[in-house]
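Everything on this sheet refers to the single structure shown next.
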Amino acid sequence: MEQLLQVNNLVTQFRTAEDNLTAVRGISFSVNKGETLCIVGESGCGKSITSLSLMGLLPSNGSISSGSIKLNDEELTSKTEEELRRLRGNKMSMIFQEPMTALNPVFTIGYQLREPLMIHRNMSKREADVKALDLLNQVGIPDPKKRLKQYPHELSGGMRQRVMIAMALACKPSLLIADEPTTALDVTIQAQILDLIDDLKQELDMGVIFVTHDMGVVAEIADRVMVMYAGEVVEVGEVEEVFNAPKHPYTKGLLASVPNVDDEFHQLESISGSLPNINEKIDGCRFHKRCPLATDQCREQSPPIFSVSETHQSKCWLQQEVTENDKSTATS
């Protein structure tokens with residue numbers, strides 16, 4: 001598969017009166033064309049900040065302090081705000097978690113759909129109106145002519161989210177970032193939205209980054225999974241590898257906490273403790289205070305990323321022992 005996005009050692013910080021706080025801690029990952037990468041983890045793990053860093057939409061006190069973001073081999077971290085504005089909605093788009101706050105309440109749906117088409121595609125108002133109608137049809141909104149004249153508050157939550165998807169896909173971007181786009185929707189609408197994003201991904205050969213905390217959604221749509229904890233990537237791999245043979249204790253805890261409705265004897269587990277504060281200084285692995293398998297090495301030294309296979313990595317000292325045993329077995 002052709003690589004679309006390459007992120008290397010990304011560090012995102014926020015300025016405060018006391019200090020610079022690090023929210024994303026040197027993460028690296030990639031996304032291929034036509035691939036869905038799901039980013040999972042608890043609230044506060046850095047998933048949304050990673051997405052906003054990629055889009056150049058960090059709050060005024062936030063900034064990328066180091067690292068590289070390349071989209072189609074084009075470096076994004078060195079671009080000006082005006083250059084990023086020309087990319088957003090054109091080569092890369094984002095679907096936000098709550099469409100009611102992302103859509104402008106004082107403009108009609110038609111106006112908001114026309115805007116990116118007229119800016120990025122140099123369409124006339126008439127051409128943009130025709131395309132906007134086609135986009136609403138594409139995302140399955142009934143009576144699209146009527147919807148173009150309506151305001152966001154006149155639409156249901158599911159229809160507003162479909163409008164957001166139509167806006168994000170208006171200029172056929174190479175990369176689509178979806179930040180928990182189905183969290184506020186009921187299960188039936190959620191399934192329709194997931195199917196819609198997957199269909200459009202295949203039709204347009206897009207790369208998709210899907211941010212979620214719902215492991216059921218991950219199992220349904222992901223090609224690869226990236227697990228984040230406290231601003232770090234702790235495990236990444238193809239969805240079958242991560243679900244069938246998770247290596248990091250945090251990933252195992254996330255999977256064990258998912259209810260199993262098919263097994264009446266399944267006992268729901270939880271991960272003890274809570275996420276560390278963003279300003280908390282931690283020696284060693286950032287998960288060690290909540291990990292039942294933590295050793296002295298875990299408490300004293302931060303682990304590197306270990307390769308489980310060509311497509312599967314884990315940031316855990318326990319994996320070092322497994323890797324060394326595999327090497328000794330291979331040489332004996």
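A continuous path of ILVMFWY side-chain contacts below 4.5 Å connects M55 to F14, so both sit in one hydrophobic cluster. L196 is connected to F210 through a chain of hydrophobic side-chain contacts under 4.5 Å among Ile, Leu, Val, Met, Phe, Trp and Tyr, so both are in one cluster. V31 and I305 fall into different hydrophobic clusters, where Ile, Leu, Val, Met, Phe, Trp and Tyr side chains are chained together by heavy-atom contacts under 4.5 Å. By the criterion of side-chain heavy atoms lying less than 4.5 angstrom apart, applied directly or through intervening Ile, Leu, Val, Met, Phe, Trp or Tyr residues, M159 is not grouped with Y111; the two fall into different hydrophobic clusters. Criterion: ILVMFWY side-chain heavy atoms under 4.5 Å apart, direct or through other members. Under it, L57 and L87 are part of a common hydrophobic cluster.
Using a 4.5 Å heavy-atom threshold, the side chains of H288 and I282 count as touching. The side-chain heavy atoms of E220 and D195, taken from C-beta on, include a pair separated by under 4.5 Å. Inter-residue side-chain proximity for S28 and N8 is flagged as met; some heavy-atom pair is nearer than 4.5 Å. Within the 4.5 Å cutoff, no side-chain heavy atoms of S314 are placed close to those of V234. Using a 4.5 Å heavy-atom cutoff, the side chains of L5 and L54 are in contact. Under the 4.5 Å side-chain criterion, counting only non-hydrogen atoms from C-beta, I64 is not in contact with V11. In this structure, the side chains of C316 and F306 stay at 4.5 Å or more apart for every pair of heavy atoms. Looking at N90 and R121, their side chains come closer than 4.5 Å, going by heavy atoms from C-beta outward.
Separating the CD atom in E203 from the CG atom in L169 is a distance of 9.0 Å, to the nearest 0.5 Å. Residue L176 holds its CG atom at 9.0 Å from CG of L200, rounded to the nearest 0.5 Å. L84 contributes atom CG, which lies 12.0 Å from atom NZ of K91 (distance to the nearest 0.5 angstrom). The line from CZ of F96 to CE of M167 is 9.5 Å long, rounded to the nearest 0.5 Å. Here the CD1-CD distance, from I69 to E74, works out to 12.5 Å after rounding to the nearest 0.5 Å. For the atom pair I193 CD1 and M164 CE, the distance stands at 11.5 Å (nearest 0.5 Å).
Judged by distance alone, the side chains of K33 and S174 never bring a donor and an acceptor atom under 3.5 Å apart. Looking only at atom types and distance, the side chain of Q297 has no donor-acceptor partner in the side chain of E300 under 3.5 Å away. A donor-acceptor contact closer than 3.5 angstrom is absent between the side chains of S51 and D179. Side-chain contact check for Q202 and D198: at least one donor-acceptor pair (N or O, by modelled atom type) lies under 3.5 Å. The closest side-chain donor-acceptor pair between S53 and T12 falls under 3.5 angstrom.
Salt bridge annotation for K70-D73: absent, with no cationic side-chain nitrogen under 4.0 angstrom from a carboxylate oxygen. Classification of D205 and K172 as a salt-bridged pair fails, no side-chain N sitting under 4.0 Å from a carboxylate O. Contact check on R88 versus E81 returns a salt bridge, with a Lys/Arg side-chain nitrogen under 4.0 Å from an Asp/Glu carboxylate oxygen. Look at R290 and E42 and you find a salt bridge, because one of the NZ, NE, NH1 or NH2 atoms lies within 4.0 Å of a carboxylate O, short of that distance. In summary, R299 and D283 do not engage in a salt bridge, as defined by a charged side-chain N under 4.0 Å from a carboxylate O. Contact check on E154 versus R147 returns no salt bridge, with no Lys/Arg side-chain nitrogen under 4.0 Å from an Asp/Glu carboxylate oxygen.
Contact between L113 and A132 at its shortest, heavy atoms only, is CB-CB, 3.9 Å. Here the closest non-hydrogen pair linking S309 and E241 is OG-OE2, 3.1 Å. Residues L275 and G44 share a closest heavy-atom pair of CD1-C, 3.8 Å. Minimum interatomic distance between K47 and I39 (heavy atoms only, all atoms of both residues): CD-O, 3.6 Å. Shown here for S30 and E35, the closest heavy-atom pair between the two residues is O-OE1, 4.3 Å. Between V233 and K315 the shortest heavy-atom distance is O-CD, 3.4 Å.
Distance alone, capped at 3.5 Å, places no donor-acceptor pair between the R162 side chain and the I141 backbone. Of the possible donor and acceptor atoms, none in the side chain of T22 sits under 3.5 Å from a partner among the backbone N and O of V24. Although no hydrogens or angles enter the test, the distance criterion places no donor-acceptor pair under 3.5 Å between the side chain of R224 and the main chain of L37. Remark: the backbone N or O of V106 is paired with a side-chain donor or acceptor of N104 at under 3.5 angstrom. For D214 (side chain) and V217 (main-chain N/O), a donor-acceptor pair under 3.5 Å exists by modelled atom type. Not a single donor-acceptor pair under 3.5 Å links the side chain of H120 to the backbone N or O of L117. No donor-acceptor pair closer than 3.5 Å links the side chain of W317 to the backbone N or O of T295. The main-chain N or O of S124 is found under 3.5 Å from a side-chain atom of E127 such that the two form a donor-acceptor pair. A donor-acceptor pair under 3.5 Å links the side-chain atoms of Q112 to the main chain of F107, judged by distance alone. A donor-acceptor contact shorter than 3.5 Å links the side chain of E75 to the backbone of T77.
Looking at Q319, H312, K252, Q313 one by one, the single match for side-chain hydrogen bond (donor to acceptor under 3.5 Å, both in side chains) with E235 turns out to be H312.
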- Item | Candidate pair I221 and C38, rule side-chain contact (heavy atoms from CB on, under 4.5 Å), full reasoning | CA-CA 8 Å; I221 68 169; C38 278; 3.9 Å; yes

- Task: Evaluate side-chain contact (heavy atoms from CB on, under 4.5 Å) for L135 paired with V163, printing each intermediate quantity in order.
- Result: CA-CA 9 Å; L135 285 166; V163 169; over 6 Å; no

- Candidate pair I95 and I177, rule side-chain contact (heavy atoms from CB on, under 4.5 Å), full reasoning: CA-CA 6 Å; I95 305 170; I177 301 173; over 6 Å; no

- Query: side-chain contact (heavy atoms from CB on, under 4.5 Å) between L155 and I109: does it pass, once the steps are laid out?
  - Reply: CA-CA 10 Å; L155 274 60; I109 298 302; 4.2 Å; yes

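Few gaps surround CD on E82; more than 12 heavy atoms of other groups in view lie less than 6.0 Å from it.
In this view, F287 and Y229, H248, Y250 satisfy the ring pair (Phe, Tyr, Trp, His ring centres under 6.0 Å) rule, not counting sequence neighbours. Contacts of R15 classified as side-chain hydrogen bond (donor to acceptor under 3.5 Å, both in side chains), with partners at least two apart in sequence or in another chain: none.
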